[in-house]
Amino acid sequence: MTNQNVVVSDGKSGINMAITAAAAAAVSGSSLFTTAAQKPPAVPGTSYITISKKKLLQNLDINAGGGGGARINAWVDSMRASSPTHIKSPPPLSGDHQSSWTHPSALDMFEEITNASKGKQIVMFLDYDGTLSPIVDDPDRAFMSESMRATVRKLARYFPTAIVSGRCRDKVYSFVRLAELYYAGSHGMDIKGPSKGSIHKKGAEAVLFQPASEYIPMIDEVYKALLEVTKATPGAKVENNKFCLSVHFRCVDEKKWIELAKQVGSVMEGYPDLRLTQGRKVLEIRPTIKWDKGKALEFLLESLGYANCADVFPVYIGDDRTDEDAFKVLRERGQGFGILVSKTPKETNASYSLQEPTEVMAFLRRLVDWKKSSLRKQFRMRRRLEEINMFLPN
């Protein structure tokens, strides 16, 4: 018997709870491992396997009435499950790093991606933390490297580009400092277009969208309450992202996680209009409105004039659970691809993977080089046609 940690949603409280379930068979032969319902494009000689949480949960008797203590313990189990320090990367196989992956590398499959985009307008959507910058202990020091900034600047010359983050929009902009981009902060609840003016936008209207404005007083109130209750927990950091809140526990001793969970839970009990989700070493508190990074992606495509276009090719790159909303939208639209940034295999709606920000930068640079080469070829072809026309009789 082997134990599997699985995250399920507690609909009443909105808290992601982890339960430990006994698998009925050895992992290698278990029916918990099934072919993904939505697979990336087939690669010759390659099969794709993902873990189905749904099949596991069907065989479990979950007692939701286990009391506050049980709920807190389950919550802490979820915090442990999402912690990168508790997930060990499988060792890469010599000469074939992809064998360990559920989805193929976007670098290895670059030609396939660009072939699928031919004749279409590529639109780029990029998460920030863990995608453009490394994950660091202090969220205020998640700085983007100058080489990454230069890469994103070049990217925006050739493709409409948006940063989509759980952070406050102003905070993300202070890290990126590129005025020609679109920015969607607070998980897409605070969207603003380029301050420089975009060469890609079909319309002339300025873009500013804030669907959760009415929640700002409540968010500020909860922020103050969380600052007060967590101040006795060393390493805990509460971040006000304007339309949502983040409670970072990356620097909190694991022995203090139960205490932190109780503190956050005690505040959340008084605010049924807010929900709590979880990311990488962070608890996210957001309004219960139906808005997420996937909705933000659709809004930005519409703002760019590509709402119902068949010739648009969105590419979304992200590393967190909240990015799955955008990956899912791309799956449902049947347009473009999602690329998951992760060093470990995960169940995801993305079609491809990259392992870390350095690989993201390499992919973006290849995309820019490919576009520049394509434009040069188009220019030479036009010149050739013009020269031929000059010698043709009128």
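Rounding to the nearest 0.5 Å places CZ of Phe125 at 12.5 Å from CG of Asp323. In this structure, CD1 on Ile163 lies 5.5 Å from CG on Leu181, to the nearest 0.5 angstrom. Distance check: Leu245 CG to Ile285 CD1 gives 5.5 Å after rounding to the nearest 0.5 Å. The CG atom of Leu226 lies 13.0 Å from the NZ atom of Lys231; values are rounded to the nearest 0.5 Å. Rounded to the nearest 0.5 angstrom, Thr233 OG1 and Leu260 CG are separated by 5.5 Å. Distance check: Glu356 CD to Lys343 NZ gives 4.5 Å after rounding to the nearest 0.5 Å.
With hydrogens and angles ignored, the 3.5 Å screen pairs a side-chain donor or acceptor of Asp320 with a backbone N or O of Arg280. Judged purely by atom type and a 3.5 angstrom limit, Glu302 has no side-chain atom pairing as donor or acceptor with the backbone of Glu298.
Under the ring-ring contact (aromatic ring centres under 6.0 Å, His included) criterion, Tyr215 pairs with no residue at all, not counting sequence neighbours. Under the rule for a ring-ring contact (aromatic ring centres under 6.0 Å, His included), Trp370 has no partner lying at least two apart in sequence or in another chain. Partners of Tyr183 under the ring-ring contact (aromatic ring centres under 6.0 Å, His included) rule, at least two apart in sequence or in another chain, are Tyr173. In terms of the salt bridge (Lys or Arg N to Asp or Glu O under 4.0 Å) criterion, Arg286 has no residue partners (sequence neighbours excluded). Evaluation of the side chain to side chain donor-acceptor pair (under 3.5 Å) rule for Arg333 yields Gln335 as partners, not counting sequence neighbours. Residues passing the salt bridge (Lys or Arg N to Asp or Glu O under 4.0 Å) test with Lys120, sequence neighbours excluded: none. Residues passing the salt bridge (Lys or Arg N to Asp or Glu O under 4.0 Å) test with Lys371: none are found, sequence neighbours excluded. With sequence neighbours excluded, the residues that form a salt bridge (Lys or Arg N to Asp or Glu O under 4.0 Å) with Lys237 are Asp140. In this structure, Thr230 has no side chain to side chain donor-acceptor pair (under 3.5 Å) partners at least two apart in sequence or on a different chain. Considering only residues two or more places apart in sequence or on other chains, Gln210 meets the side chain to side chain donor-acceptor pair (under 3.5 Å) condition with Asp190.
Taking all atoms of both residues into account, the shortest heavy-atom contact from Ser186 to Cys168 is OG-CA, 4.3 Å. Smallest separation of non-hydrogen atoms from Leu304 and Tyr182: CD2-OH, 3.2 Å. When all heavy atoms of Pro314 and Leu301 are compared, the closest pair comes out as CG-CD1, 3.9 Å. The two residues Gly235 and Val252 make their nearest non-hydrogen contact at C-CG2, 3.5 Å. Across every non-hydrogen atom of Asp129 and Ser165, the tightest pair is OD2-OG, 4.4 Å. Considering all non-hydrogen atoms of both residues, Ser351 and Pro104 come closest at O-CD, 3.6 Å.
Checked against the 6.0 Å centroid threshold, Phe327 and Phe337 do not count as a close aromatic pair. Taking the ring centroids of Phe209 and Trp291, they lie under the 6.0 Å cut-off.
Asp319 and Ser342 share no donor-acceptor pair across their side chains, judged by distance under 3.5 Å alone. Thr322 and Glu284 share no side-chain donor-acceptor pair at under 3.5 Å. With 3.5 Å as the limit, one finds no donor-acceptor pair spanning the side chains of Tyr223 and Glu239.
A 4.5 Å side-chain heavy-atom check between Leu367 and Ile122 finds at least one atom pair inside the cut-off. Between Tyr352 and Ser105, the closest side-chain pair of non-hydrogen atoms is not below 4.5 Å. The shortest distance between side-chain heavy atoms of Phe299 and Pro211 does not fall below 4.5 Å. Put simply, the side chain of Arg167 reaches to within 4.5 Å of the side chain of Pro139, judged on heavy atoms. Two residues are said to be in side-chain contact when any heavy atoms from C-beta on lie closer than 4.5 Å; Asp273 and Met218 meet this criterion. Counting only heavy atoms from C-beta outward, the side chains of Thr161 and Val123 never approach each other to under 4.5 Å. The side-chain heavy atoms of Val267 and Val222, taken from C-beta on, include a pair separated by under 4.5 Å. Between Ile219 and Leu274 the shortest side-chain heavy-atom distance falls below 4.5 Å.
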Passes side-chain contact (heavy atoms from CB on, under 4.5 Å), Tyr158 versus Lys372? Steps please.
CA-CA 8 Å; Tyr158 296 98; Lys372 288 165 70 174; 3.0 Å; yes

Which is it for Val329 and Lys295 under the side-chain contact (heavy atoms from CB on, under 4.5 Å) test, yes or no, and what are the steps along the way?
CA-CA 8 Å; Val329 164; Lys295 298 287 188 185; over 6 Å; no

With side-chain contact (heavy atoms from CB on, under 4.5 Å) as the criterion, how do Ile339 and Tyr316 come out once you've worked through the C-alpha distance, each side chain's angles and the decisive distance to 0.1 Å?
CA-CA 6 Å; Ile339 300 175; Tyr316 189 106; over 6 Å; no

Would you sort out whether Phe363 and Ile113 count as a side-chain contact (heavy atoms from CB on, under 4.5 Å), showing the intermediate values?
CA-CA 11 Å; Phe363 177 82; Ile113 295 172; 4.0 Å; yes

For residues 146-154, which side-chain N or O atoms pair as donor and acceptor with protein atoms under 3.5 Å away, sequence neighbours left out?
| unit_1 | atom_1 | unit_2 | atom_2 | d |
| --- | --- | --- | --- | --- |
| Glu146 | OE1 | Arg149 | NH1 | 3.2 |
| Glu146 | OE2 | Arg149 | NH1 | 2.7 |
| Ser147 | OG | Ser145 | OG | 3.1 |
| Arg149 | NE | Val176 | O | 2.8 |
| Arg149 | NH2 | Phe175 | O | 2.7 |
| Thr151 | OG1 | Ser147 | O | 2.8 |
| Thr151 | OG1 | Arg365 | NE | 3.2 |

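No continuous path of ILVMFWY side-chain contacts below 4.5 Å connects Val136 to Phe143, so the two sit in separate hydrophobic clusters. No continuous path of ILVMFWY side-chain contacts below 4.5 Å connects Val341 to Ile135, so the two sit in separate hydrophobic clusters. Residues Leu107 and Leu155 fall within the same hydrophobic cluster, defined by Ile, Leu, Val, Met, Phe, Trp and Tyr side chains chained together at heavy-atom separations under 4.5 Å.
Within a 6.0 Å sphere centred on NZ of Lys171, other residues, nucleotides and ligands contribute more than 12 heavy atoms. Counting heavy-atom neighbours within 6.0 Å of Asn308 CG, excluding the residue itself, gives a total of 12 or less.
Sorted by first and then second residue, the salt bridge (charged side-chain N to carboxylate O under 4.0 Å, His left out) pairs with a member in residues 209-218 form an empty list; sequence neighbours excluded.
Here the rule is side-chain contact (heavy atoms from CB on, under 4.5 Å) with His248, and of Asp137, Leu283, Val282 only Val282 fits it.
Using a 4.0 Å cut-off between a side-chain N of Lys or Arg and a carboxylate O of Asp or Glu, Asp127 and Lys293 qualify as a salt bridge. We find that Lys262 and Glu259 are not joined by a salt bridge, their nearest charged nitrogen and carboxylate oxygen being 4.0 Å or further apart.
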